[in-house]
Number of protein chains: 2
Amino acid sequence: MNNKLRIIPLGGLGEIGKNMTVIEYGDEILIIDAGVMFPENDMLGIDLIIPDYNYLMDKRDNVRAVLVTHGHEDHIGALPHLMRDIDAPIYATPLTAGLIEVKLRRAKLENDVDLITMQADDVLQIGSFKVEPFHVAHSIPDCVGFGITTPVGLIVHTGDYKFDHTPADGWPPDFAKLAEFSERGVLALLADSTNADRPGWTKSETVVGEAFDKVFREAEGRIIVATFASLISRIQQVADMALKYGRKLAITGRSMRDNTKMARKLGYLDIPDDLLIDIGQLNSYAAHEVAIMATGTQGEPSAVMGRLATGRHRSLSIQEGDTVVFSAHAIPGNEEMVFRIINRIFQRGANVLYERIANVHVSGHASQEEMKLLINLVRPTFLIPIHGELRHLKQHACLGESLGIPAGNIAVVENGTPLELDEDSLTIGERMPGGYVFIDGAGVGEVGWSVVRDRDQLAQNGFFIAMVNAHNGNVIGQPDIVSRGIINMGEAEDLLEGAKDTIARVVRTYADSNKPLEKPIAEALNRYLYAETGKRPFVQVIVK
Amino acid sequence: MNNKLRIIPLGGLGEIGKNMTVIEYGDEILIIDAGVMFPENDMLGIDLIIPDYNYLMDKRDNVRAVLVTHGHEDHIGALPHLMRDIDAPIYATPLTAGLIEVKLRRAKLENDVDLITMQADDVLQIGSFKVEPFHVAHSIPDCVGFGITTPVGLIVHTGDYKFDHTPADGWPPDFAKLAEFSERGVLALLADSTNADRPGWTKSETVVGEAFDKVFREAEGRIIVATFASLISRIQQVADMALKYGRKLAITGRSMRDNTKMARKLGYLDIPDDLLIDIGQLNSYAAHEVAIMATGTQGEPSAVMGRLATGRHRSLSIQEGDTVVFSAHAIPGNEEMVFRIINRIFQRGANVLYERIANVHVSGHASQEEMKLLINLVRPTFLIPIHGELRHLKQHACLGESLGIPAGNIAVVENGTPLELDEDSLTIGERMPGGYVFIDGAGVGEVGWSVVRDRDQLAQNGFFIAMVNAHNGNVIGQPDIVSRGIINMGEAEDLLEGAKDTIARVVRTYADSNKPLEKPIAEALNRYLYAETGKRPFVQVIVK
């Protein structure tokens with residue numbers, strides 16, 4: 001066992017290996033990325049999800065480094081949690097390190113964590129691992145993948161990537177490095193599968209530049225562009241257009257303003273000072289003289305776009321003649337909320353452009369033809385599809401097979417499944433228990449599926465609680481009843497009367513019995529409420 | 001006012017005019033369709049939504065007829081509710097009438113409602129209206145649109161349509177009739193906008209036939225096809241392939257079995273008796289000798305596919321080598337659940353084909369080029385985009401303008417907004433109050449937004465209820481506390497102790513006061529629970 005390399009993707013049933021991957025040989029461990037997942041619609045009340053890294057807790061002293069591919073939340077968001085438990089340096093490129101620093105500072109961890117800035121093409125010797133970050137293109141600048149020379153062979157991990165020949169920052173991916181790895185011989189390729197069901201080649205960021213040029217050329221009123229706070233290249237593109245067409249640019253949303261500031265300081269954003277204005281200065285300019293960037297492309301009600309849609313923004317409101325651009329892809333599960341916000345902005349008199357009807361966004365991930373190119377460039381012995389739901393990994397595996405990789409050399413596994421590699425074999429281990437850790441309010445892991453299930457029952461059916469003072473078969477006074485989420489208050493009076501009658505009937509029935517009354521009353525109330533409302537609320541009865 | 005024609009789409013903020021449209025002249029009213037909407041993800045606990053037809057209640061004696069375009073739920077699902085309030089005949093084509101009959105029978109209304117079967121090309125004189133149903137192609141057979149000659153002019157309503165030259169049932173849409181209407185002169189065109197953001201031409205149903213041929217030619221194990229219960233043409237296509245490739249066909253899911261039976265009886269499905277087997281007979285055949293049709297393409301946990309994904313189906317389970325086909329489009333809001341089910345079926349060893357990776361479904365609605373063809377065929381004076389969210393209607397309006405219809409002749413309105421037409425003008429009226437009527441458990445309209453908001457608070461934060469017996473600044477005994485949905489039970493003990501201390505402190509503080517204790521205790525508990533958990537549960541306190 002000791003002479004095998006273990007690779008373990010961690011997380012729940014969602015995207016595999018997206019948020020955290022463990023590379024282990026002997027008593028040495030590397031972690032690649034530590035990101036958050038966003039809760040699905042039925043994970044009620046949950047704020048965020050972090051990978052379950054319980055596996056590492058017994059081995060925390062073995063962790064040599066946390067290697068970070070890029071600065072998106074799903075790759076760095078869990079670092080403030082992980083770094084409380086792990087004492088190892090973080091390696092990141094300058095922009096990514098800048099974004100991580102902001103997070104560590106908010107978590108008051110900036111003095112406890114060793115954050116090391118690396119560059120693409122560095123060669124880092126970390127324990128027995130030789131780590132070589134190489135540049136890839138994605139939708140945020142300064143992204144890398146890793147070549148990791150281990151005692152059993154060379155592993156290549158792509159991070160999130162696409163083969164964009166004309167990215168917004170002018171720095172195309174390092175094809176030569178991939179070819180060079182290939183010459184050395186690659187044991188295993190861990191590759192991004194996000195778009196494995198998209199045929200063809202993902203469009204270049206240049207396409208978005210052209211679409212924005214058209215928007216800025218034609219818009220007669222204000223232009224409001226919504227995108228992810230971390231989409232630095234999109235901020236650059238919009239700033240370029242504002243400059244070209246003589247508009248001032250206001251940036252709203254705290255995270256986007258923070259990121260812009262940091263990226264300008266580090267030289268990843270080239271925006272002249274006098275292009276930027278404060279949101280409060282908008283009224284000093286005519287509508288055709290301003291552009292605004294904002295957050296809230298995923299339908300979040302409290303982000304800028306959500307507040308604009310419902311007229312709840314403090315200093316900004318949609319006006320007739322505005323052109324609003326949603327420059328982002330709606331993540332599955334968010335479409336409904338995103339479209340509702342788009343409809344409401346239309347309702348307020350703006351024109352709205354979004355991915356479906358204009359090229360105002362392109363994916364940051366490789367499509368099928370790029371995935372094939374990657375495989376043929378790297379020519380790995382083993383293919384390990386990562387970064388995608390199971391359906392994407394399966395599709396990626398099909399692509400690999402179509403290029404001649406034997407099915408037995410491709411490992412499609414779920415998070416928590418260890419893979420063991422030596423020079424000429426790959427074995428799939430037993431899946432470990434665990435999966436999601438919910439972040440809920442102030443708590444980490446204090447809310448599990450049982451609480452979420454309770455919330456689901458409350459969400460569907462409400463609750464009904466009765467306190468009864470019973471004596472000798474009679475109800476003394478009136479029962480106290482607290483209830484929410486069943487039916488409209490106005491219509492609840494009859495229901496309450498009926499419930500009181502039900503309680504009195506049970507109390508009478510059990511007059512001569514010594515049995516506790518809680519259960520029979522609750523059962524009778526359950527039956528009564530279901531018959532009256534068709535709902536099964538959470539019922540509890542307290543008898544004094 | 002009396003010599004104007006009123007057209008009123010009814011429903012909420014969702015799809016406009018999809019579910020019900022009112023056509024009114026003087027004291028005569030026609031209703032087109034009466035369908036249900038499906039609740040969005042944040043309409044917690046709601047089963048279904050019907051249009052708010054309060055406007056009709058004062059005018060119920062004026063309603064002359066309910067005209068139905070086709071048999072999908074979003075066009076007929078509200079009939080059992082509407083027909084309790086309205087006394088007018090329903091007009092529908094044979095298949096649609098068959099589907100309506102099933103609904104009326106379940107609602108015990110079959111003897112109270114006059115259900116009149118019409119045919120495409122009939123001419124019906126209903127009061128002052130001459131109604132001419134004409135055949136259109138969609139994803140269910142026997143669809144019609146309506147030409148309605150009113151005292152102010154000819155109105156054309158498309159229903160749901162696409163211009164499929166090779167539909168599954170071999171009956172293409174009636175282009176000649178549209179041209180003939182055009183010759184007569186069309187005052188207003190009410191046209192389906194569902195796919196207004198899709199460029200090009202929607203693929204023909206034939207494409208799906210070819211995709212299924214490939215699936216049946218290549219699959220070595222069982223084939224399981226999931227689709228909508230009402231997608232009669234898809235059932236025909238799968239039956240044809242089963243026959244061609246020598247497989248028996250089992251149909252599972254009550255609604256799909258009922259629809260198949262009815263459609264075969266009426267001659268809309270051509271399936272030989274000996275092709276069909278019962279789901280219980282599957283074990284008598286080899287895997288390559290059977291195909292199965294099932295419901296549950298929208299991620300519903302209780303439909304067949306949902307139960308198969310989690311191993312909860314009574315008589316069927318996914319096995320290695322199965323080919324599972326999702327032959328449907330996931331409605332926005334459902335993608336996340338659909339993909340979760342797809343991932344789980346992959347997990348169980350089946351191969352899964354879905355819209356993204358194979359042509360196993362095509363839309364039933366016209367795309368942009370078809371919408372343009374329709375407008376140029378019909379050449380209406382006024383264009384009224386219907387059947388779509390506001391974003392679709394706006395896009396449809398742009399298409400109309402690009403074909404030369406003046407912007408002032410196009411009415412993009414929301415549900416509840418009356419349009420008034422005479423021979424040469426169209427006026428947009430004031431939007432009426434109302435919108436959704438929620439169907440929830442056994443109740444119709446007994447649950448409104450306030451209940452849904454309560455459920456949302458419960459879903460996000462849970463509840464905490466305390467009953468306190470207080471006397472002279474002391475808590476007598478222990479407070480009774482009922483709480484759910486806040487944190488895990490195991491971790492709640494400290495929280496409960498802290499809550500009891502909080503209660504005791506407030507009771508002591510108010511020892512010498514005559515003020516009621518409920519409010520100060522509840523406020524203190526609110527603060528305490530937020531500090532400890534970061535959540536704001538529903539808190540109520542009862543003091544004895």
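Chain A is the first sequence line, chain B the second, and so forth, proteins listed ahead of strands; every chain is numbered from 1. In what follows, every heavy atom counts, from backbone to side chain, and hydrogens, waters and symmetry copies are set aside.
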B:D197 side chain to A:R356 main-chain N or O, any donor-acceptor pair under 3.5 Å?
no
Structural part of A:I342 lying under 4.5 Å from a heavy atom of chain B:
side chain
Please flag which part of A:T533 lies under 4.5 Å from any non-hydrogen atom of chain B: side chain, backbone, both or neither.
backbone
Donor-acceptor pair, side chain of A:R455 and main chain of B:I486, under 3.5 angstrom
yes
For B:N343 and A:E389, what are the C-alpha separation, side-chain angles and deciding distance, and is it a side chain to side chain donor-acceptor pair (under 3.5 Å)?
CA-CA 7 Å; B:N343 286 329; A:E389 299 168 32; 2.8 Å; yes
Using a 6.0 Å distance limit plus a 45 degree cone around the ring axis, check whether A:R484 lies over the aromatic ring of B:F463.
no
Shortest non-hydrogen contact from B:I542 to A:M467?
CD1-CE, 3.6 Å
Portion of A:F438 that has a non-hydrogen atom of chain B nearer than 4.5 angstrom:
neither
Residue among B:R391, B:E335, B:Q460, B:Q540 with most heavy-atom pairs under 4.5 Å to chain A
B:R391
Ignoring hydrogens and geometry, is there a side-chain-to-backbone donor-acceptor pair from A:K394 to B:Q347 under 3.5 Å?
no
Side chain, backbone, both or neither: which part of B:Y530 has a non-hydrogen atom closer than 4.5 Å to chain A?
neither
Side-chain contact test, heavy atoms from C-beta onward, threshold under 4.5 Å: evaluate it for A:K535 versus B:D440 and give yes or no.
yes
Are there more than 12 heavy atoms of other residues, nucleotides or ligands under 6.0 Å from atom CD of B:E218?
yes
Which residues pass the salt bridge (charged side-chain N to carboxylate O under 4.0 Å, His left out) test with B:D322, not counting sequence neighbours?
B:R222
Charged N-O contact under 4.0 Å between B:R340 and A:D42:
yes
Heavy-atom closest pair, residues B:N488 and A:S450:
OD1-OG, 4.1 Å
Would you give the length of the straight line joining atom CD of B:Q395 to atom CZ of A:F346, rounded to the nearest 0.5 angstrom?
6.5 Å
What distance do B:D454 atom CG and A:I487 atom CD1 have between them, rounded to the nearest 0.5 Å?
12.5 Å
List the steps and the verdict of side chain to side chain contact (heavy atoms under 4.5 Å, CB included) for B:V482 and A:F538.
CA-CA 11 Å; B:V482 184; A:F538 169 80; 4.1 Å; yes
Is there a donor-acceptor pair closer than 3.5 Å between any side-chain N or O of A:E336 and the backbone N or O of B:N41?
yes
Check whether A:Q457 gets within reach of chain B through its side chain, its backbone, both or neither, counting any heavy atom under 4.5 Å.
neither
Enter the distance from B:E40:CD to A:F339:CZ here, rounded to the nearest 0.5 Å.
11.5 Å
Just wondering, do B:L390 and A:R344 contact through their side chains at under 4.5 Å, heavy atoms?
no
Interatomic spacing from CG in B:D456 to CG in A:L44 - rounded to 0.5 Å
8.5 Å
